[in-house]
Structures are given as C-alpha cells and as structure tokens.
Protein chains: 2
Amino acid sequence: MVAHRTIERLSVYRRIGTLMHGKGTMHVFSHELAARSGSTAAQVRRDLMLAGITGSPAKGYLVSALIARVNAVLDHPEGLQVALIGVGNLGRAFLAYFLGRKANLNIVAAFDADPAKVGRVIQGCRCLPMQDLVPTCRSLGVHVGLVTVPADQAQAVTDALLEAGVRGILNFAPAKIRVPEGVFVEHVDITALVEKVGYFAARQNKETP
Amino acid sequence: MVAHRTIERLSVYRRIGTLMHGKGTMHVFSHELAARSGSTAAQVRRDLMLAGITGSPAKGYLVSALIARVNAVLDHPEGLQVALIGVGNLGRAFLAYFLGRKANLNIVAAFDADPAKVGRVIQGCRCLPMQDLVPTCRSLGVHVGLVTVPADQAQAVTDALLEAGVRGILNFAPAKIRVPEGVFVEHVDITALVEKVGYFAARQNKETP
DNA sequence: ATCGCACTGTGAACCACTTCACAATGCACA
DNA sequence: TGTGCATTGTGAAGTGGTTCACAGTGCGAT
Ligand SMILES: NC(=O)c1ccc[n+]([C@@H]2O[C@H](COP(=O)([O-])OP(=O)(O)OC[C@H]3O[C@@H](n4cnc5c(N)ncnc54)[C@H](O)[C@@H]3O)[C@@H](O)[C@H]2O)c1
Ligand SMILES: NC(=O)c1ccc[n+]([C@@H]2O[C@H](COP(=O)([O-])OP(=O)(O)OC[C@H]3O[C@@H](n4cnc5c(N)ncnc54)[C@H](O)[C@@H]3O)[C@@H](O)[C@H]2O)c1
C-alpha cells in the first residue's frame, strides 16, 4: 500500500517514461522526471523507492524497468475496467478521450437514463439503459465508476454502482456521495477549482511575500 | 491569505449555503455543513473561522452571512473573468456548463486554433482565433485561463495567456507548464485520477486494515 | 590505478493540514 | 432565576506528505 499522492505521480512518471521509451531513451535521472512532471528530484526518488524502483547513480533509472514496475503496482491483471454513468456533455468528452487510447484503462460500458440516448452509439460506445447497470457491471467485473450525472442523481447512481460491486468512484457531480467503508471515492469539483485559481491568481504576489 | 484547501471548501460551503438559502433555511450548524460537504464539523468550524465567519452556539451560522462573507473572500469585485482555450470535447463541455450559470464566474472568451471552429458560435459563445487571444484577454481583464488543448500545445497556449496578463491557469492537458513566479497553476490530470481510484479500489480492504 | 563527480537511497527535519479536546456561550425549559 | 445541554472557537496534538542533507556508489577522466 503506497501513499495517495505517490500513486498519482507514478501514473505521471509512467506516461513520461512511455514517451521517452518511444523515442529510444534508455535511462532517466530523477531530476529529468522532476522537470517533466512538475515535481522535485527528491520527491521523484522517494516515490520510485516506495514503488520498489531502483536506479544507479551512474545511469539513473532504466526506463523500461520503471514502466514495468509501475505497471505491476498500478495495473489490474486484466486491465482496469471502467464504467461511465451520465452520457452528457462531460461524459461524452471522457468517452471520446478514453475509448481506444490506453491498453490498461478501458471504458467498457456507458449508461444513461435518457431514453433518447439509450441504444445510440456515442463516441463509439453503446449507451445502455440504467436497468442494465447492475448486471452488466457485475458480469464485466467493473472496478471504477465515472459519475457524470446531475448532482441530485449522484447518490442514486452511486447506490447502483455499489450494488454492482464497484469499489472505486470518480465523482464529477457537485454533491457528496455516501459509500460504505472500504469503497474509495475521489471527488473532482471543477467549479471549486476554478474559483480557487481565481482566488490565488489575485493574491499570489500581494500580502506576505 | 487563507490556506489552499480551505479556499476550495469555502466554495463548497457557499454552494450548500446558497441551496439552503433558496429553501428558506436561515441557520446552519457546522455538523450539517460537514455532512453535506464531505468534511468534518471541526474542519468546517476552522475553515469558517479562517474566513472570518462567526456563529453562535445556539443557532449555528447565519446562512446569509456565510454567503456574503465567502463572496467577499473569494470573489473579484466585477466577477471572475475566465477564458477557455481549446474548444474540443472537454472545452465544449465546460462552455455548456459554465455559460450563463454563475453570476460571479463568467467564461468571457473562447479560443481555438482550428479554422473550422473559429468564428462559429459554440454553446452560445463565439470561438475566436488565437491571434485575438492577447488583445482580447487584456481588454477584458481575464483573470483565469482554462487550458483544454492537446498536451504538446499547452506551453504555447500558456505563454500567450501570460503575455495577456493572466495570472491563474487551470490546466487539463497532461503536460507540465512553466510559468514565472507569482502565477498560480492548478493541474488536473484526469487519467492519473482514474488510475488512482483503480488502485485504491482494489487495495482498500486488503493489506493493513 | 586513482580521483572527482553527479547521482541514488534514505533517515531526519520540516511543514501544512486535520483532528482532538475543552472552556466559553447562550437558549430551552423548569 | 437557575440548570442542562448542544454548539462554537481555538490552542495543542497528531498525521501525512515534502524537503533537506549526506553517506554510499560507480563511471569517466587523468
Ligand atoms: N460539464 C462541465 O463542465 C461540468 C463542470 C463541473 C461540474 N459538472 C458536473 O458534472 C455532471 C455532468 O455534467 P454535464 O455537463 O455532462 O451535464 P449534462 O446535463 O450534459 O449530462 C448529464 C447526463 O446525465 C444523464 N442522467 C440524468 N439523470 C441520470 C440518472 N439518474 N442516471 C443516469 N443518467 C442520468 C442525463 O440524461 C445526461 O445525459 C453534473 O453533475 C455537473 O454538475 C460538469
Ligand atoms: N476529454 C477528456 O476526457 C480528457 C481527459 C484527460 C485529459 N484530457 C486532456 O484535455 C485536453 C483536451 O482534450 P479534448 O478531449 O478536448 O481534446 P480535443 O482534441 O477534442 O480538443 C482539443 C482542441 O484544442 C484545439 N487546439 C489544438 N491546438 C491548439 C492551439 N495551439 N491553440 C488553440 N487551440 C488548439 C483543437 O483545435 C481542438 O479543438 C487534452 O490535452 C487532453 O489530453 C482530456
């Protein structure tokens, strides 16, 4: 079990490593990963240490070993199975982005309550009705649910996902969702983020330099 | 200058307060805000204290005072002016969501490099060419830029925003962007978040309970 | 063969944020 | 008027994550 932030950064290091691998680069130093990931060399070294990745002072880290080890830490044996609920503006953007992109991250099903959307193929993925959610997610072994429905529907959708055995939820609706112990929820509140950036954009240089 | 996380939560408390205000609720206790925001009562009280919001042990916090004080802390006098760069799948979702929604958060301009998109009105907002970015953002006094272009274009777009005087950037491209001292950047890496949820979904109950 | 050097791996210090714990408050009810 | 009680406001302690700082390493130059 590795720390929260470290897991996020490992995903980033893997992306950078994959990019370098494609260009034929064999080795990478912590300070290079730091510069490309927006971190620090010490942070990178600690993260890689926690993931069990070792390098040599002379050559740095072997890119292929880094990728392999991050795969071993992050990935599920048969790939990460993801379901998306709410094929609206945001949901369609995610479908377009993730479908057919990463081998180890598959959106395997999309659901919506709107009869006008159900049955249609949107961004290459068939949109299924909500009553199919539990059986379909169960039989596909879905690990993660992406919730992109209106705020007042988020809890109902969450409950359905829980019933389907999903144990990780990424929630974009501006609503708190309740889950039992042992289920992991990440809440992304885009409005709050924009307002935060607005606040610090104004304040950065003023007050206590 | 209030702490990072506190600012994000203040935005959430305001949303909850606004909702309650609409329903005619006059007062709210810290534990109610905690339950609705996914925080704890102690955290809420500390946040409100930092923002200069006070309540009474008998009635809790006055909702209208809470909203007014968060407005005073977070908001820019004439509203937060936001520009969006990259009217693709994600950018269009943001336009649809934010346009005409919040009085104090306005997407005032959208830009794209694609000649097929420039000039068209997308989600009710005219899409402008990139050469207009610097003069337009300057004259509108844009505070925040939303970057939703491909990763390899993120730095170029950032540089244009900086030249236009923008001092806060919310970056959705999976690329680190360099900015001078005093400019605030928030980076949202959706892929890394999905992978993190996948990791903890699997690990939650196993290992060290 | 030896030296200098840039880098790794990691204990320890540091820092930011969260939670605990409790005195102070003021309404409800007797 | 007095007693009980749920809640606020906030020092102090706790937690988790980051950065410092340096001993240890092995290549490349001499
Ligand atoms: N789009 C953005 O930029 C943005 C920004 C911040 C937050 N959000 C949040 O993300 C969520 C989705 O936003 P959006 O812009 O895509 O909204 P949207 O209205 O375009 O899409 C919502 C979709 O959910 C479907 N839906 C509604 N109830 C459902 C239910 N019970 N079960 C299944 N599907 C249901 C609707 O049919 C619709 O297709 C909302 O909660 C919104 O507040 C979006
Ligand atoms: N859509 C998602 O779900 C998702 C998820 C994770 C990350 N992202 C990231 O968000 C960004 C946008 O994603 P998207 O799905 O909307 O991509 P997209 O290809 O649909 O849209 C990108 C838009 O940017 C425009 N553009 C390209 N170069 C530009 C430039 N130099 N200046 C101005 N505009 C330019 C394109 O014309 C296009 O309209 C990408 O970096 C992507 O990696 C998106």
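Labels below follow one simple rule: chain letters A, B, ... track the order of the sequence lines, proteins then strands, and each chain is numbered from 1.
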Grab the [atom1]-[atom2] distance between [X] and [N] for me, whole Å please.
X: B:I7; N: C:dC17; atom1: CD1; atom2: C1'; value: 14 Å
X: A:L48; N: C:dC7; atom1: CG; atom2: P; value: 15 Å
X: A:L50; N: C:dG9; atom1: CG; atom2: C1'; value: 11 Å
X: A:R69; N: C:dG9; atom1: CZ; atom2: P; value: 13 Å
X: B:D47; N: C:dT18; atom1: CG; atom2: C1'; value: 10 Å
X: B:H4; N: D:dG16; atom1: NE2; atom2: P; value: 21 Å
X: B:F200; N: D:dG16; atom1: CZ; atom2: P; value: 12 Å

Any donor-acceptor N/O pair, [X] side chain to [Y] backbone, under 3.5 Å:
X: A:N171; Y: A:A175; answer: yes
X: A:R101; Y: A:Y97; answer: yes
X: A:Q155; Y: A:R178; answer: yes

Mapping B:M49 and A:Q43 to their closest nucleotides on DNA chain D, which lands nearer the 5' end?
B:M49
Passing candidate, side-chain contact (heavy atoms from CB on, under 4.5 Å) with B:Q81, options B:I107, B:N106, B:V144, B:V166
B:N106
The residue among B:T6, B:V73, B:I7 that forms side-chain contact (heavy atoms from CB on, under 4.5 Å) with B:L50 is B:T6
With the side chain counted from C-beta on, respond yes when [X] and [Y] share a heavy-atom pair under 4.5 Å apart, and no when they do not.
X: A:M130; Y: A:V149; value: no
X: B:L161; Y: B:V147; value: yes
X: A:D189; Y: B:E8; value: no

State, to 0.1 Å, how close A:A110 and A:V87 come at their nearest heavy-atom pair, and which atoms those are.
CB-CG2, 4.0 Å
Using a cut-off of strictly less than 4.0 Å, decide whether A:R5 has a side-chain nitrogen or oxygen near OP1 or OP2 of C:dA16.
no
Using nucleotides 20-30 of chain C, report all nitrogen or oxygen pairs with the protein that are shorter than 3.5 Å.
unit_1 : atom_1 : unit_2 : atom_2 : d
C:dA21 : N6     : B:R45  : NH2    : 3.4

Nearest to the side chain of A:Y61, heavy atoms from C-beta on, is which of D:dT8, D:dT19, C:dG9?
C:dG9
Under a 4.0 Å heavy-atom cutoff, the residues of residues 25-32 of chain B touching DNA chain D are B:F29, B:S30, B:H31
